[in-house]
Amino acid sequence: MTEAAVSDFRSDTLTRPDAAMREAMATAEVGDDVFGEDPTVRALETAAAAWLGKAAALFVPSGTMANQVAIHVHCRPGDELICEERSHVFLYEGGSVARLSGTQCRVLVAEDGFPAAAAIRAAVRADDPHFPASRLLVLENTHNMAGGRVLDAAGMAERVAVAREAGLAVHVDGARLANAAVALGTPAAQLVTDVDSVSLCLSKGLGAPVGSVLAGTETFVAAARRARKALGGGMRQAGVLAAAGLLALRDGPARLVNDHRRARELASAFAALPGCTPRDPDTNILMVDLDGPAAPFCAALAEHGVRALAVAPQRVRFVLHRDVDDRDVARCIDAARVAAARGAGGSAAARSKA
Ligand SMILES: *Cc1c(COP(=O)(O)O)cnc(C)c1O
């Protein structure tokens, strides 16, 4: 369990660098990366490009910057990008598609987070001066708010193909692409074949303290490097961060199976609790729908040292990651049992029994 005796399921961003990472950071060879002289950053960019099957990659401070730099390179003011309505680029990036790139979002509804090929094709604008110009498709894999849902290589290829036919570029928000690759047993590179750009968070389940990578062609990454600098993301002796990122990329993916297994265990425990309806988790994210309000349920969990996030009025998100182990899961199940029996899940049946 975590040192503060809190079992924290709010996010996989909560992972702290382990001893090996801290050692690698302390001893990293560094230089000024804006001058292209940090050997550790270069090593990370080379490794990330290879892992994602792209020609080049760029180290950036956050997943948000990775996505927004990509959008900035692909889109001009007056353009439109197509994405799912709960995608991170639309919901959680401060309106930066408009703010930084003068571009608007066309949002499509898809229960699993992945708009169908036909819906994408139908959303592409005709060539008419009234309309914004459809420029980019953004796919999020895994899809966070759909509950860590994965899209397999065939599903990706089908959507990429319609985008290509319509002349759109394709960016994959692969914040948790490693989770998708592990859950599917497919190399990450095969999930992003033929896409123009892909981002990957090193600072979530992979365990690095800071950083994401953005990959694509040499030309794309050269343009992304300019955009990163313009947005204030040029970092100097960033090798101290890249050193942790290298270990995250090397050792992180193999560990994710544990997170996925624990998410399934948690889901089956919740399925037995009154007033709780867990979704079937594909990866490390478990969404639990409650008969009642989420806030008091989370408060009841917190009384037992368990933290989770209310992501909707009646929905709680549990994220599994390397800083929660089997004991944390057991503690979470115990706490949830108490909360549900008390009727904190809102179940009338549970309340009448209490
Ligand atoms: C976390 C996340 C990001 C990026 O988040 P940062 O906090 O900026 O690193 C992007 N997309 C998705 C789907 C995410 O979950």
Side-chain angles (χ1 to χ4, degrees), residues 52 54 58 63-146 149-175 177 180 191-199 214-217 219-224 226-228 230-231:
L52 293 163
K54 298 294 168 200
L58 182 70
T64 298
M65 190 179 283
N67 287 335
Q68 293 303 327
V69 161
I71 289 164
H72 199 71
V73 172
H74 292 306
C75 301
R76 300 276 78 81
D79 285 350
E80 185 170 74
L81 66 77
I82 297 171
C83 64
E84 203 273 332
E85 65 165 351
R86 295 157 301 164
S87 59
H88 199 279
V89 296
F90 176 61
L91 272 191
Y92 299 124
E93 300 190 2
S96 288
V97 174
R99 189 194 284 246
L100 302 175
S101 299
T103 293
Q104 71 181 28
C105 294
R106 178 82 178 271
V107 296
L108 303 180
V109 180
E111 170 60 22
D112 64 358
F114 308 112
I120 295 166
R121 191 185 295 113
V124 175
R125 305 280 188 173
D127 182 11
D128 179 316
H130 291 86
F131 296 147
S134 302
R135 189 71 61 196
L136 176 70
L137 170 67
V138 177
L139 294 169
E140 184 176 311
N141 197 7
T142 67
H143 194 292
N144 174 14
M145 290 313 284
R149 284 280 172 265
V150 301
L151 184 62
D152 66 14
M156 291 290 287
E158 192 190 343
R159 289 159 176 85
V160 172
V162 297
R164 286 264 169 271
E165 278 165 33
L168 306 184
V170 182
H171 171 68
V172 172
D173 178 352
L177 190 70
L191 295 174
V192 293
T193 320
D194 292 335
V195 312
D196 298 276
S197 55
V198 51
S199 58
L214 174 63
T217 63
T219 311
F220 169 82
V221 170
R226 292 181 73 92
R228 181 189 67 174
L231 296 175

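Quick caveat: nothing in here was measured; it's all calculated off a predicted structure. If you read the sequence from its start, that first residue is 1, and numbering goes on from there.
Note: I71 CD1 to C105 SG = 6.5 Å, rounded to the nearest 0.5 Å. The line from CD of E140 to CG of L177 is 11.5 Å long, rounded to the nearest 0.5 Å. A distance of 12.0 Å separates SG of C75 from CG of L100, quoted to the nearest 0.5 Å. With values rounded to the nearest 0.5 angstrom, L231 atom CG is found 12.0 Å from T64 atom OG1. In this structure, OG in S199 is found 4.0 Å from NE2 in H171, a value given to the nearest 0.5 Å.
Here ring pair (Phe, Tyr, Trp, His ring centres under 6.0 Å) pairs that include residues 96-127, with residues two or more places apart or in two chains, number zero. Among residue pairs with one or both ends in residues 77-101, those qualifying as ring pair (Phe, Tyr, Trp, His ring centres under 6.0 Å) are H88-Y92; sequence neighbours excluded. Screening residues 106-116 for side-chain hydrogen bond (donor to acceptor under 3.5 Å, both in side chains), with sequence neighbours left out, gives no hits. Identified under the side-chain hydrogen bond (donor to acceptor under 3.5 Å, both in side chains) test for residues 114-132, with sequence neighbours left out: E80-R125, D128-H130. Pairs passing the salt bridge (Lys or Arg N to Asp or Glu O under 4.0 Å) check and including a residue from residues 84-103, sequence neighbours excluded, read E84-R86.
By the side chain to side chain donor-acceptor pair (under 3.5 Å) test, S101 is found to be paired with H72, residues two or more places apart in sequence or in another chain being considered. In this view, D152 and A154, L184 satisfy the side chain to side chain contact (heavy atoms under 4.5 Å, CB included) rule, not counting sequence neighbours. By the ring pair (Phe, Tyr, Trp, His ring centres under 6.0 Å) test, H143 pairs with no residue at all, sequence neighbours left out. Under the side chain to side chain donor-acceptor pair (under 3.5 Å) criterion, R135 pairs with D79, not counting sequence neighbours. Applying the side chain to side chain contact (heavy atoms under 4.5 Å, CB included) test to A98 and every residue at least two apart in sequence or in another chain returns nothing. Remark: D196 pairs with R164 by the side chain to side chain donor-acceptor pair (under 3.5 Å) rule, at least two apart or across chains. Considering only residues two or more places apart in sequence or on other chains, D173 meets the side chain to side chain donor-acceptor pair (under 3.5 Å) condition with N67.
Remark: side-chain polar atoms of R226 are not paired, donor with acceptor, to backbone N or O of A222 under 3.5 angstrom.
Checking each of L168, V138, L136, L139 against I82 for a side-chain contact (heavy atoms from CB on, under 4.5 Å) leaves exactly one that passes, namely L168.
The closest side-chain heavy-atom distance from L191 to V172 is not below 4.5 Å. Contact check for P77 versus T103: no side-chain heavy atoms found under the 4.5 Å cut-off. A heavy-atom distance below 4.5 Å is not found between the side chains of L214 and R228.
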Open item on the list: Apply side chain to side chain contact (heavy atoms under 4.5 Å, CB included) to residues L81 and H74 and explain how you reach the verdict.
Closed with: CA-CA 9 Å; L81 66 77; H74 292 306; over 6 Å; no

